[in-house]
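The structure appears below as structure tokens.
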Amino acid sequence: MAGGSHPFVLFILGLLLVHCAARGNDGGASPTLHRHLTEQEKSNKVKREGLPSNYSTPDYYPTPHGGWVSSWTEAYAKAQLVVSNMTLAEKVNITSGTGYFMGPCVGQTGSALRFGIPRLCLQDSPLGIRDTENNTAFPAGVTTGATWDKELIYARGVAIGEEARGKGVNVQMGPVVGPIGRKPKSGRIWEGFGADPSLQGLAAVQTIQGMQSVGVIATLKHFILNEQEMYRMTDPVQVGYSSDIDDRTMHEIYLWPFAEGVRAGVGSVMAAYNHVNGSLCTQNSEILNGILKDELGFQGFVMSDWYAQDSGVPSALAGLDMAMPGDGAVPLIGVSWWNYELSTAVLNGTVPLERLNDMVTRVVAAWYQMGQDDDYPLPNFSSNTEDAVGPLYPGALFSPTGVVNQFVNVQGNHSIVARAVARDAITLLKNVNETLPLSSSANLSVFGTDAGPNSKGLNSCTDMGCDNGILTMGWGSGTSRLPYVITPEEAIQNVSANTQFYITDTFPSVTPNADEIAIVFINSDSGENYITVDGNPGDRLEAKLAAWHSGDELVVNAAAAFSTVIVVVHTVGPIIMEDWIDLPSVKGVLVAHLPGQEAGNSLVDVLFGDYSPSGHLPYTIPHNESEYPASVDLIDQVLGQIQDQYLERLYIDYRHFLQANITPRFPFGYGLSYTTFNFSDATIISGTTLTQYPPARASKGPTPTYATTIPPASEVAWPTDISSIWRYLYPYLDDPEAATSTAPYPYPTGYSTTPHAAPRAGGSQGGNPALWDTVFTISVKVTNTGTRPGRAVAQLYVELPADALGVDLPPRQLRQFEKTSILSPGDSETLTLPLTRKDLSVWDVVMQDWLAPVDGEGVKFWIGQSVATEDLQIVCTVGQGCESTS
Ligand SMILES: *[C@@H]1O[C@H](CO)[C@@H](O)[C@H](O)[C@H]1NC(C)=O
Ligand SMILES: *[C@@H]1O[C@H](CO)[C@@H](O)[C@H](O)[C@H]1NC(C)=O
Ligand SMILES: *[C@@H]1O[C@H](CO)[C@@H](O)[C@H](O)[C@H]1NC(C)=O
Ligand SMILES: *[C@@H]1O[C@H](CO)[C@@H](O)[C@H](O)[C@H]1NC(C)=O
Ligand SMILES: *[C@@H]1O[C@H](CO)[C@@H](O)[C@H](O)[C@H]1NC(C)=O
Ligand SMILES: *[C@@H]1O[C@H](CO)[C@@H](O)[C@H](O)[C@H]1NC(C)=O
Ligand SMILES: *[C@@H]1O[C@H](CO)[C@@H](O)[C@H](O)[C@H]1NC(C)=O
Ligand SMILES: *[C@@H]1O[C@H](CO)[C@@H](O)[C@H](O)[C@H]1NC(C)=O
Ligand SMILES: *[C@@H]1O[C@H](CO)[C@@H](O)[C@H](O)[C@H]1NC(C)=O
């Protein structure tokens with residue numbers, strides 16, 4: 001999402017002027033009349049416009065009801081009791097945001113206080129609580145992915161959940177599994193866990209379970225194919241891009257981590273800004289009704305990304321359940337696609353009451369599912385101001401004031417997990433002659449502003465929209481304020497008495513002693529589209545994959561002056577290192593990703609050898625950008641709707657490098673240690689017997705039913721005792737009786753009220769439960785064969801028989817991983833890596849089901865410390881057992 005800042009308000013106000021100018025002729029028309037016209041246009045015109053003819057936009061109606069999965073039965077039963085007693089106004093309240101800046105959080109719904117349901121507070125971000133204080137700024141998603149440590153990922157999820165709960169956040173908006181990192185220059189790839197569906201999926205599961213274990217509703221986002229920042233939004237001045245994709249790629253790459261997260265029981269999913277196959281995500285019935293709610297059996301609710309909604313009726317029919325932040329196309333003018341409009345649409349019979357009931361039931365059930373009916377705190381912070389007292393509804397201009405910030409300290413001991421994640425993510429790429437770790441008595445010179453503080457002050461750039469000092473996270477809504485940051489400068493100073501600091505990006509004139517070691521800090525930043533930093537509109541459009549602030553030059557100059565140079569890289573994603581990586585004096589390279597507040601401490605833990613680095617790259621580092629497929633470049637096109645075709649299909653990141661037979665600079669999964677590991681004694685144990693397709697799914701359980709008579713219009717009349725707030729969004733109508741109508745409505749093409757047959761690939765949350773049957777379990781003994789303690793990651797890649805399955809396939813795909821505890825030299829640990837039916841299947845586009853090689857014939861498993869052949873130590877062949885490859 002976007003916003004919360006003064007620059008953004010100005011932007012919105014600017015947009016408002018543009019909007020009014022563009023709609024000058026409509027100026028006198030009532031918003032409602034205007035909306036009627038666009039609704040009709042929307043269902044017939046906006047959709048599919050300009051879509052290349054070989055993509056299709058299936059229609060999928062009606063929305064499948066929630067409540068048929070047994071793990072949600074109790075919550076739905078409670079929800080049903082409540083919803084059956086709700087008035088139309090209460091129901092509409094639950095589905096609709098009350099407007100931007102109309103409460104303490106970045107979004108909030110209306111309430112139904114008769115049932116104890118408060119205005120639900122929705123707050124960013126995936127790495128901590130945004131726009132507040134006395135919080136923790138955790139390492140970003142990409143850093144978390146680089147740990148390859150499920151327990152740590154879970155612990156971070158718990159900690160984020162605790163902070164959300166402590167601040168009174170009902171719905172905390174993370175984790176991110178899309179963008180997945182298809183485009184290396186895309187602005188928000190650091191919010192998710194890395195450029196692979198299984199890595200994203202397994203990390204999302206841990207994060208969701210951790211967050212929801214303390215009662216917070218997690219939000220899996222952005223659904224789906226939101227793989228570029230520029231031109232993402234559809235608003236009065238542009239039509240957002242369309243991600244045009246074939247069905248198999250959708251299932252095997254982009255939908256995969258969402259399926260895992262839904263299976264983990266995530267309470268909400270956010271619909272993305274972009275279009276898919278020519279239809280906007282927030283009103284795309286195929287992806288919301290069909291794929292998410294039927295095939296994946298999602299039981300929670302779908303919210304819109306902020307201002308991603310572009311219609312009232314079509315979005316409701318397509319499966320959207322909650323409008324966020326509630327405003328229409330233009331914020332802060334008191335109009336909405338839902339709220340009072342949804343009341344009208346139900347009274348006039350256009351949105352079936354059944355659809356509204358399902359929306360509300362999904363939200364209320366998620367609230368019960370997480371136990372939020374039991375003593376859940378109300379918001380005690382404000383994302384609008386850092387003052388204790390302020391307007392309760394800043395968007396209203398004339399607002400009552402009150403205590404908005406209680407500065408509740410929610411940090412607990414979370415700095416420990418924040419530091420552990422940042423430390424265990426640090427990825428060692430080069431270490432000639434064991435230059436690292438450094439001795440604390442070594443003579444050091446530190447270069448680069450990335451080692452120091454933000455020269456303008458800790459949180460001086462709104463939503464981290466600048467690259468100044470240590471890069472702890474990217475920019476945009478996926479951030480939180482830093483309560484403090486331990487800079488590398490500070491942390492190194494604490495350990496070493498012999499360090500000179502040159503916190504500058506221009507190499508100073510120095511004459512080092514022969515034994516002096518240079519540590520050069522460089523970074524590469526990116527973020528969300530509403531902020532442009534140094535010509536980068538979210539995406540790394542200007543900077544490309546090079547280090548910012550002439551970082552490459554800084555390294556090259558240091559390498560000319562010093563015989564030993566250590567490079568530390570803080571980066572959002574892949575970065576090109578060719579200018580310096582092979583220079584003889586560049587002896588060590590550490591990628592520290594985006595470490596959050598514990599940046600310096602975590603780095604020093606590794607730099608001076610208290611811990612061995614144990615992170616592994618969650619993406620590939622190429623030699624240069626031209627090694628990527630052309631179709632994953634950014635598309636910068638001002639006129640007309642961008643049709644972003646996923647022509648590379650499955651072949652993103654390492655799948656592409658393997659298929660194109662390109663050896664990258666550093667392969668996906670790569671990461672050295674101060675010690676060495678040997679993998680041995682692998683065994684493969686069979687579980688469930690693999691059949692071509694999974695056994696038939698069970699039929700759906702019952703879902704709540706309600707009376708279908710349209711309620712009396714009086715239920716949405718303005719209450720007499722309310723003093724309404726200007727521009728605040730309500731469910732009420734001035735003249736409710738006038739809304740009732742029996743006029744026909746031009747429903748979208750393909751609209752139907754007859755439920756679809758249950759999709760065969762479905763059956764529970766995530767899909768047919770048999771897809772998660774364990775088919776093989778591989779165990780491998782990992783021994784520390786070096787001289788220092790350290791942790792190893794066993795990565796399990798699957799090679800499926802393309803011929804037998806009748807499709808092209810990447811030679812290897814990551815499907816499972818595990819990390820050892822800290823092993824002392826000589827010690828070993830046995831890791832167990834289960835593989836599911838789905839892990840061994842491809843999406844059969846004709847059968848619309850997951851197809852596996854019968855008995856696992858021809859399936860090979862590769863186990864090692866990266867995807868590259870030379871780092872794979874064991875190969876297991878089904879039926880033949882396992883052997884070492886080296
Ligand atoms: C997009 O179009 C392709 C090609 O027709 C089709 O295979 C796929 O199912 C469509 N996906 C969606 C979500 O509309
Ligand atoms: C809903 O109403 C019914 C009777 O109409 C009542 O028995 C029930 O307790 C009510 N439930 C709630 C949660 O208010
Ligand atoms: C709807 O929500 C608003 C708060 O946004 C609240 O003031 C109002 O009372 C609610 N309406 C009903 C009928 O509960
Ligand atoms: C909470 O944050 C406020 C504002 O930044 C700060 O003044 C205060 O010291 C913090 N309190 C604690 C306990 O950290
Ligand atoms: C659509 O056509 C283009 C060539 O014009 C082709 O490269 C692409 O693979 C096709 N996509 C689908 C889903 O068939
Ligand atoms: C019913 O109300 C909605 C919301 O105002 C409107 O979009 C729709 O066109 C109306 N239906 C009819 C048949 O007028
Ligand atoms: C704020 O936080 C405190 C401590 O977590 C909690 O007890 C309280 O209910 C929260 N909400 C309000 C409105 O104080
Ligand atoms: C943090 O505190 C909680 C209890 O408050 C405790 O259970 C947990 O073990 C602590 N975590 C660490 C890493 O010390
Ligand atoms: C590594 O150290 C050995 C022994 O000190 C030395 O001969 C060799 O040149 C060094 N290698 C590099 C690449 O610096």
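Remember, predicted model here, so these are calculated numbers, not experimental data. Start at 1 and go down the list; that is how both ligands and their atoms are numbered.
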Gly166 heavy atom under 4.0 Å from ligand 7 |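 True for this residue.
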With a cut-off of 4.0 Å, which atoms of ligand 7 are near a heavy atom of Pro379?
->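 So the atoms of ligand 7 that pass are 13 (C).
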Ligand-side contact atoms (ligand 7) for residue partner Gln406, heavy atom cut-off under 4.0 Å =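 Listed by number with element, the hits are 12 (C), 13 (C), 14 (O).
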Residues Arg760 and Asp844 bridged, charged N to O under 4.0 Å = no
Using the test salt bridge (charged side-chain N to carboxylate O under 4.0 Å, His left out), find all partners of Arg263 that sit at least two apart in sequence or belong to another chain.
-> none
Non-neighbouring partners of Asp373 that pass salt bridge (charged side-chain N to carboxylate O under 4.0 Å, His left out), sequence neighbours left out =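 Asp373: no salt bridge (charged side-chain N to carboxylate O under 4.0 Å, His left out) contacts found.
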Any heavy atom of Asp244 under 4.0 Å from ligand 1? The part involved is neither
Is ligand 1 under 4.0 Å from a heavy atom in the side chain of Ile245, in the backbone, in both, or in neither?
-> backbone
With a 3.5 Å cut-off and no angle check, do the side chains of [X] and [Y] form a donor-acceptor pair?
| X | Y | value |
| --- | --- | --- |
| Tyr61 | Glu286 | no |
| Glu163 | His414 | yes |
| Asn170 | Gln372 | yes |

Within the structure, does Tyr55 bring an N/O atom to less than 3.5 angstrom of an N/O atom in ligand 1?
->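 No - when backbone and side-chain N and O of Tyr55 are compared with those of ligand 1, no distance drops under 3.5 Å.
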Compute the shortest N/O to N/O distance between Asn277 and ligand 1 and return yes if it is under 3.5 Å, no if not.
->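 N/O-N/O distance under 3.5 Å: yes.
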Starting from the C-alpha separation in whole Å, work towards a yes-or-no answer on salt bridge (charged side-chain N to carboxylate O under 4.0 Å, His left out) for Asp305 and Arg232.
-> CA-CA 11 Å; Asp305 203 340; Arg232 62 183 180 156; 5.2 Å; no
Where does ligand 4 get N/O contacts under 3.5 Å from the protein, atom by atom?
| residue | atom | partner | partner atom | Å |
| --- | --- | --- | --- | --- |
| ligand 4 | 2 (O) | Asn134 | OD1 | 2.7 |
| ligand 4 | 2 (O) | Asn134 | ND2 | 2.7 |
| ligand 4 | 11 (N) | Asn134 | ND2 | 2.5 |
| ligand 4 | 14 (O) | Asn134 | ND2 | 2.9 |
| ligand 4 | 14 (O) | Asn409 | ND2 | 3.3 |

Any heavy atom of Lys167 under 4.0 Å from ligand 7? The part involved is neither
Pairs meeting criterion salt bridge (charged side-chain N to carboxylate O under 4.0 Å, His left out) with involvement of residues 111-120, two or more places apart =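 Listed once each, the pairs are Glu90-Arg114.
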Under 4.0 Å from a heavy atom of [X]: which atoms of ligand 1 are those, numbered in the order shown and with their elements?
| X | result |
| --- | --- |
| Ile287 | 13 (C) |
| Asn54 | 4 (C), 5 (O) |
| Pro58 | 14 (O) |

Flag the pair Val266 / Phe258 as yes when at least one side-chain heavy-atom distance between them is below 4.5 Å, and no otherwise.
-> no
How about His756 and Tyr60: are their ring centroids closer than 6.0 Å?
->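 When the ring centroids of His756 and Tyr60 are compared, they turn out to be within the sub-6.0 Å range.
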Could you pull out the closest heavy-atom pair between Ile180 and Pro257, with the gap in Å?
->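 Looks like CD1-CG, 4.4 Å.
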